[in-house]
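The structure appears right after this line, and notes come after that.
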Protein chains: 2
Amino acid sequence: MVTTSGGSVFYGSPYRADCPTRRILDRIGDRWTVLIVGALWDGDVRFSELRRRVEGISQKMLTQTLRALERDGLLVRRTVHPEVPVRVEYALTEAGRTLREPLRALEEWSIVHLTDVSASQDAYDRADRRDG
Amino acid sequence: MVTTSGGSVFYGSPYRADCPTRRILDRIGDRWTVLIVGALWDGDVRFSELRRRVEGISQKMLTQTLRALERDGLLVRRTVHPEVPVRVEYALTEAGRTLREPLRALEEWSIVHLTDVSASQDAYDRADRRDG
DNA sequence: CGGAATCCCACTAGATACTG
DNA sequence: CAGTATCTAGTGGGATTCCG
């Protein structure tokens with residue numbers, strides 16, 4: 001499993017842009033996706049409630065990101081209740097729920113290392129000012 | 001550990017943009033970072049060799065991404081050998097190496113699920129054409 | 001060889017206004 | 001309530017040129 005096209009970044013060369021890691025990052029690396037996935041964790045959530053939970057998101061980006069997740073099959077059951085006024089609920093699919101573990105691994109790394117990263121950045125920027 | 005500012009997406013509300021997961025994705029979610037990290041996995045690599053390993057990267061983006069990694073402290077030992085012509089080698093730090101596990105978790109999820117994601121996208125797009 | 005500087009384009013995402 | 005449509009500023013990243 002070493003050199004097939006589109007191969008892994010870590011299991012073998014080459015380091016192609018269509019490697020699995022890059023492809024998943026293309027889906028979840030944007031500004032809002034993981035926040036929405038997090039906000040959907042505890043079950044069905046209405047559009048307006050989602051908008052409240054995900055601080056700072058615009059209506060456009062919420063709609064757009066939800067549509068992309070629906071298309072991916074990561075979020076399903078966009079349920080439209082034909083009441084008046086209309087009620088729409090969103091919930092994660094099983095596939096979406098399996099994303100939790102890898103995301104949590106990433107999150108734990110962040111919690112452990114992000115302080116060091118910030119410190120390193122500060123040191124780097126200070127050195128920058130000294131050297132020129 | 002529920003409602004502290006900048007809190008986790010999964011360990012508690014709110015779902016703020018400065019949550020750890022979002023912050024790490026801001027660092028590694030771009031087009032080239034994980035490819036470069038992968039290309040640096042087996043030790044010291046020269047600039048020109050990196051450029052060959054990471055297919056399609058421009059000189060500007062390679063330099064820019066390496067500088068960002070260096071600043072983060074994820075990649076260190078940018079070693080300049082003052083020969084003629086000059087030789088510069090890059091290698092991951094220990095912190096950078098610890099990124100492997102979370103990235104591999106993400107990669108494995110991708111390998112398992114990306115086929116389903118593509119199938120779901122196709123189905124979604126076909127339904128789109130039917131429904132108008 | 002290993003960059004830095006500049007120009008330029010495509011795309012992301014926010015703001016705003018309107019609708020079933 | 002839950003969207004859609006349009007406009008626009010900001011940014012990521014490629015191509016090109018020049019430098020120690």
Side-chain angles (χ1 to χ4, degrees), chain A residues 15-18 22-23 25-36 39-40 44-72 75-91 124 127-128 131-132, chain B residues 15-18 22 25-36 39-40 44-72 75-91 124 128 131-132:
Chain A
Y15 313 94
R16 299 176 56 89
D18 58 346
R22 278 296 309 131
R23 292 183 63 197
L25 286 176
D26 274 342
R27 307 308 301 156
I28 69 167
D30 70 294
R31 190 162 173 183
W32 300 112
T33 292
V34 301
L35 295 175
I36 292 178
L40 282 173
D44 290 43
V45 186
R46 299 184 63 169
F47 186 87
S48 48
E49 171 63 17
L50 267 180
R51 197 171 174 185
R52 250 171 282 125
R53 290 191 183 185
V54 183
E55 287 184 24
I57 194 170
S58 66
Q59 175 272 322
K60 172 189 166 184
M61 289 315 297
L62 180 52
T63 299
Q64 188 172 304
T65 310
L66 284 169
R67 289 289 174 279
L69 285 167
E70 189 186 0
R71 178 171 180 267
D72 289 344
L75 178 155
V76 202
R77 238 185 26 216
R78 173 178 176 273
T79 316
V80 181
H81 302 271
E83 310 166 351
V84 181
V86 66
R87 176 165 56 101
V88 179
E89 289 183 324
Y90 293 88
Y124 184 94
D128 225 30
D131 300 344
Chain B
Y15 312 95
R16 298 177 56 89
D18 59 347
R22 278 297 310 133
L25 285 176
D26 273 343
R27 306 310 301 158
I28 69 168
D30 69 294
R31 189 163 173 183
W32 300 112
T33 293
V34 301
L35 296 174
I36 292 178
L40 283 173
D44 289 44
V45 185
R46 300 184 62 169
F47 185 88
S48 48
E49 172 62 17
L50 266 179
R51 199 171 171 183
R52 251 171 281 127
R53 291 191 183 185
V54 182
E55 287 184 23
I57 195 170
S58 65
Q59 173 267 317
K60 172 188 166 183
M61 290 315 297
L62 180 53
T63 300
Q64 188 172 302
T65 310
L66 284 169
R67 288 291 174 279
L69 285 167
E70 189 186 1
R71 179 171 180 267
D72 289 344
L75 178 156
V76 202
R77 235 182 31 214
R78 172 178 177 274
T79 317
V80 181
H81 302 270
E83 310 166 350
V84 181
V86 66
R87 177 165 56 101
V88 180
E89 290 184 324
Y90 293 89
Y124 184 94
D128 225 30
D131 302 343

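Below, chains carry the letters A, B, ... as their sequence lines are ordered, and counting in each starts from 1.
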The contact string for nucleotides 1-20 of chain D, one letter per nucleotide 5' to 3', using protein heavy atoms under 4.0 Å with B, S and - for base, sugar-phosphate only and none, comes out as BSBB-B------BBB-----
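With sequence neighbours excluded, the residues satisfying side chain to side chain contact (heavy atoms under 4.5 Å, CB included) with B/R52 are B/S48, B/E49. Residues meeting the side chain to side chain contact (heavy atoms under 4.5 Å, CB included) test with A/Q59, sequence neighbours left out: A/F47, A/R51, A/T63. The side-chain hydrogen bond (donor to acceptor under 3.5 Å, both in side chains) test applied to A/R31 returns no partner, not counting sequence neighbours. Take B/A91 and apply the side chain to side chain contact (heavy atoms under 4.5 Å, CB included) test, not counting sequence neighbours, and it matches B/D44, B/R77. Checked against salt bridge (Lys or Arg N to Asp or Glu O under 4.0 Å), B/R87 has the following partners two or more places apart in sequence or in another chain: B/E83, B/E89. Residues satisfying the side-chain hydrogen bond (donor to acceptor under 3.5 Å, both in side chains) test with B/T65, not counting sequence neighbours, are none. With sequence neighbours excluded, the residues satisfying side-chain hydrogen bond (donor to acceptor under 3.5 Å, both in side chains) with A/R27 are A/D72. Considering only residues two or more places apart in sequence or on other chains, A/R78 meets the salt bridge (Lys or Arg N to Asp or Glu O under 4.0 Å) condition with none of them. Taking B/D26 as the reference, B/R22 meet the side chain to side chain contact (heavy atoms under 4.5 Å, CB included) condition, with sequence neighbours excluded.
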B/V45/B/R53 under side chain to side chain contact (heavy atoms under 4.5 Å, CB included): CA gap, chis, key distance, verdict:
CA-CA 10 Å; B/V45 185; B/R53 291 191 183 185; 3.7 Å; yes
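Think of the region where chain A sits on DNA chain C: with heavy atoms and a 4.0 Å cut, that region ends 5' and 3' at C/dA13 to C/dA15.
Terminal axes of the helix from C/dC1-D/dG20 to C/dG20-D/dC1 (five pairs each, C1' rotation axis) are separated by 40°, to the nearest 10°.
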